[in-house]
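Residue indices begin at 1 and follow the sequence shown.
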Amino acid sequence: MNNCLCGSGNLYSECCESILKNQSATTALSLMRSRYTAYCNCDVDYLLNTVKSENRKQYNRSEIAQWSKENTWTKLEIVRCEKGESNDTNGIVEFKAFYKDAKGLEHIHHEISTFSKDNDTWFYVDGKYVSQKTNTTPNVDRNSPCPCGSGKKYKKCCM
């Protein structure tokens, strides 16, 4: 049996699997974790169905599928949660989703997401991206070996 991709430490069968099948998240945090797992599995239907209905038109099915497929999702880190329990009607989850792009470069998607509950069902409302202050330009001389490990000079590879 495998641990759940959301990083909860629980088995997939005891964590996100039933939520993904039944769209039955009991908290904002469990919805956030299941949405991360859905990105890992490219479950676009789940991702769209768990967005608040009036906000779904803002999302493009093919763009979600492409972003989900072209990246390798490596870790979910929950930074904080506000409200979002089973007896609440709204909640906030701040998270960092770590991934590698098609070129193998590592990235962090840091977001503060808002959630609301309608008729006992949690929905993703929207999110605010938190910019990461990182230096994306490696401190490598152009004639040095490329840090990607290709064996080529930096100037002939990733520069």
Side-chain angles (χ1 to χ4, degrees), residues 1-86 88 90-136 138 147-150 158:
M1 296 194 131
N2 294 329
N3 282 340
C4 193
L5 298 170
C6 77
S8 66
N10 297 322
L11 295 174
Y12 176 66
S13 61
E14 298 171 357
C15 192
C16 289
E17 183 177 33
S18 65
I19 296 170
L20 289 163
K21 286 181 180 177
N22 304 315
Q23 296 184 10
S24 60
T26 57
T27 65
L29 178 58
S30 63
L31 180 59
M32 177 62 248
R33 287 186 175 283
S34 67
R35 285 178 55 82
Y36 173 82
T37 300
Y39 271 105
C40 294
N41 294 332
C42 195
D43 188 344
V44 177
D45 288 335
Y46 181 80
L47 292 165
L48 288 172
N49 290 336
T50 55
V51 172
K52 191 142 175 101
S53 60
E54 58 264 25
N55 295 351
R56 286 184 194 147
K57 62 183 175 272
Q58 300 172 26
Y59 296 92
N60 180 293
R61 175 178 292 280
S62 61
E63 288 176 5
I64 292 171
Q66 180 180 352
W67 199 53
S68 178
K69 287 177 186 175
E70 71 186 14
N71 297 303
T72 302
W73 303 91
T74 57
K75 181 174 97 171
L76 176 65
E77 177 185 312
I78 303 301
V79 177
R80 69 182 169 96
C81 296
E82 291 179 21
K83 297 186 180 181
E85 295 299 321
S86 58
D88 291 323
N90 58 57
I92 296 172
V93 179
E94 180 177 355
F95 70 93
K96 294 179 181 179
F98 296 77
Y99 64 96
K100 290 183 182 180
D101 66 18
K103 295 180 181 178
L105 299 174
E106 295 180 351
H107 300 274
I108 301 172
H109 177 85
H110 186 178
E111 183 177 310
I112 301 171
S113 299
T114 57
F115 298 86
S116 69
K117 186 167 70 171
D118 293 330
N119 297 322
D120 290 329
T121 302
W122 280 100
F123 292 97
Y124 172 81
V125 177
D126 59 18
K128 179 182 175 191
Y129 181 74
V130 180
S131 178
Q132 298 294 303
K133 305 215 182 320
T134 58
N135 180 6
T136 58
C148 78
S150 67
C158 294

Can you name the residues that form a side-chain contact (heavy atoms from CB on, under 4.5 Å) with V130, not counting sequence neighbours?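 V130: side-chain contact (heavy atoms from CB on, under 4.5 Å) contacts with H110, I112.
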
Taking only residues two or more places apart in sequence, or in another chain, which ones meet A28 in a side-chain contact (heavy atoms from CB on, under 4.5 Å)?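 Per chain and number, A28 pairs via side-chain contact (heavy atoms from CB on, under 4.5 Å) with V93, F115, W122.
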
Return the [atom1] to [atom2] distance between [X] and [Y], rounded to the nearest 0.5 Å.
{"X": "Q66", "Y": "N71", "atom1": "CD", "atom2": "CG", "result": "9.5 Å"}
{"X": "D120", "Y": "S24", "atom1": "CG", "atom2": "OG", "result": "12.0 Å"}
{"X": "L29", "Y": "S34", "atom1": "CG", "atom2": "OG", "result": "9.5 Å"}
{"X": "I19", "Y": "T26", "atom1": "CD1", "atom2": "OG1", "result": "6.5 Å"}
{"X": "I78", "Y": "F95", "atom1": "CD1", "atom2": "CZ", "result": "7.5 Å"}

With distance as the sole test, does [X] use its side chain to make a donor-acceptor pair with the main-chain N or O of [Y] at under 3.5 Å?
{"X": "N119", "Y": "T121", "answer": "no"}
{"X": "R56", "Y": "V51", "answer": "yes"}
{"X": "S68", "Y": "I64", "answer": "no"}

For the residue pair N90 / S116, report whether a side-chain donor-acceptor contact shorter than 3.5 Å exists.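 Judged by distance alone, the side chains do not pair up.
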
Qualifying residues under salt bridge (Lys or Arg N to Asp or Glu O under 4.0 Å), relative to E70, sequence neighbours excluded: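 For E70 there are no salt bridge (Lys or Arg N to Asp or Glu O under 4.0 Å) partners, ignoring immediate neighbours.
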
Using the salt bridge (Lys or Arg N to Asp or Glu O under 4.0 Å) criterion, which residues pair with D45? Sequence neighbours excluded.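 Per chain and number, D45 pairs via salt bridge (Lys or Arg N to Asp or Glu O under 4.0 Å) with R61.
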
Quick one: list whatever passes ring-ring contact (aromatic ring centres under 6.0 Å, His included) with Y99, sequence neighbours left out.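 Listed in chain order: W67, W73, H107.
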
Give me each pair satisfying salt bridge (Lys or Arg N to Asp or Glu O under 4.0 Å) with a member in residues 25-34, each pair once, sequence neighbours excluded.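 Output for this query is empty, none listed.
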
Contact check, side chains of [X] and [Y], non-hydrogen atoms, under 4.5 Å:
{"X": "L11", "Y": "N3", "answer": "yes"}
{"X": "Q23", "Y": "Y46", "answer": "yes"}
{"X": "Y124", "Y": "M32", "answer": "no"}

